Amino acid sequence: MTKYIFVTGGVTSSLGKGIIAASLAKLLQARGFRTTIQKFDPYINVDPGTLNPYEHGECYVTEDGAETDLDLGHYERFLNTYTSQANNVTTGRIYQYVINKEREGAFLGKTVQVIPHITDEIKRRMTLLGKDNKYDIIITELGGTVGDIESLPYIEAVRQMKWEMGDENALVVHLTLIPYLRAAKELKTKPTQHSVKMMSEHGLNPDILVCRTEEPLYKDLKRKIALFCNVTQDAVIEALDADTIYGVPLEMMSERLDEICLQKMNMPAGKEPDLNKWKEFLNKLRYPKSKVTIGLIGKYVELQDAYKSILEAFIHAGAINECKVEIRNIHSEYLTPENAREKLQNLDAILVAPGFGHRGIEGKIDAIRYARENKIPFFGICLGMQMACVEFARNVLGMANAHSTEMNPDTHNAVISMMEEQKNITQMGGTMRLGAYDCELKSGSKAAGIYGSTRISERHRHRYEFNNEYLDAFEKAGMVPVGTNPATGLVEVVEIPEHPFYVGVQFHPEYKSTVENPHPLFVAFVKAAKEAQEKRNGHNHPIFQDSVAEG
Ligand code: GLN
């Protein structure tokens, strides 16, 4: 029988529930249990695809084309397994389903209510992945904070599941905060007590408390937390602030979070977790030998979470290159032909980010021109690739007003235009070209060399595409479409073979980079940055500090 672990959050948001859930899943997986993670989000958007990155950070995309919460990215990066549409459910999706059923008459004249209809649908979705015995353990992260009005139906659904399945089959791990008051020089347990009390008012008691803290929890304090929050003493887990999120699984292992969960679920401990590969990665991450600086050109750069998967992919690629990747965020809105040199000249490589809409677009084009003309390693992702084509059309092919029809519907040189199948779509949510598609790479191309293969599959999220009327003109002038979709002929990868590293991709490689499988394009790009630096300075920027993980 599949066992369920629910991860809830208390006191405040941003405690890192996703990372704790992913770390626990990693440890259980490393013990040999078939584990997956899902996230239930209490907002009314049907999925985060329609949310601005300023609202909710990056929208993550799965193989099957679901637009999901960015925590699913952490799950995949930690577990090295794919998630799917079923792994992310929102209140909007639940209500949409229940309301559609009501319209079909499926409730036979009954009054449709939060309890039982919404909570039943939550429970049905929570157990969906457990249906065909694919998993031993399913971890469910509940978005939001206990005490939020919109979280109530989820708390009630979990309460019912615990009652129906028994505590040993449905465990609650509550992530909470133990603040340190500097003036009093004391760790405070009261906010945690209150959040547990609030949960118990709704009939749900946590089995395990994971306590985020800046200072170690001493033994008496753990006892006090256990006593007042009604959990066993071994179930108070310390989660000290970590230097990198990738250190958290090991931290949780030394606190025995996985073992205590298994004990409480009456499960055997399984084999000792084999985390050797993980530790090797961490070691390389913490003790790099050199450093490169890469410019990330985008319009959401002030927001840490907006380009989450790209930043994580750089961490994976940096570690394997034994090189710290320092990201310099450059706001494309403030980049002009006049200041491009000043802002970009000290970079070892330039990445132009994905995005939508007109704002900041000319700055991206200026950055691309600078990278192309000055032979700085360049990597363009989705909109970044599209703007690379626009830049090339304008400045090499002499089409002064070339553009994407997304930004200029009236351009005479629509080198990027809307895909045919997108033209009649009027609904915004879930209607882009989404998820994994095959791509055929020309043998002998840089991309084929990097992947070590001519047939690849990558994830997409876009409406516009390279306009194939311009294929010949581009190729003759030196920008080669080296990757195309075998079924549709859509251009997926462009390169400038003349340039030391100039690759634009219509897809999003960042979604598939994991700790165990750093993405080859990011690995090659970081390597190219190192080489460019060495060429410029005669050597690589050395690093002598003891530990320089993310920071
Ligand atoms: N706005 C572009 C499109 O829709 C690029 C999307 C992206 O960068 N993800 O095609």
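Scope of the values below: all heavy atoms of this structure, side chains included, with no hydrogens, waters or symmetry mates. Both counts, for ligands and for their atoms, begin at 1 and track the order of listing. Source: prediction; values computed, not measured.
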K.L.:
Measure from NZ or CZ of R433 to the centre of the six-membered ring of Y437 and say whether it is under 6.0 Å with the direction within 45° of the ring axis.
P.N.:
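Yes, R433 sits over the ring of Y437.
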K.L.:
Measure centre to centre between the rings of Y54 and Y300, then say whether the value is under 6.0 Å.
P.N.:
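Distance test on ring centres: under 6.0 Å, yes.
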K.L.:
Any chance the rings of Y246 and H316 have centres within less than 6.0 Å?
P.N.:
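Ring centres of H316 and Y246 closer than 6.0 Å.
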K.L.:
Nearest heavy-atom pair of K26 and E516: which atoms, and what distance?
P.N.:
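Distance-wise, the nearest heavy atoms are NZ-OE2, 3.2 Å.
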K.L.:
How about F378 and F525: are their ring centroids closer than 6.0 Å?
P.N.:
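No, they do not, as the ring centres are separated by 6.0 Å or more.
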K.L.:
Might you list the protein residues in contact with ligand 1, defined as having a heavy atom under 4.0 Å from one of its atoms, sorted by chain and number?
P.N.:
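Residue list for ligand 1: P354, G355, F356, C382, L383, Q386, E406, R461, H462, R463, Y464, H508.
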K.L.:
According to the interplanar angle, ranging from 0 to 90°, do the rings of F474 and F466 count as parallel (below 30°), tilted (30 to 60°) or perpendicular (above 60°)?
P.N.:
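Ring orientation, 0 to 90° scale: perpendicular.
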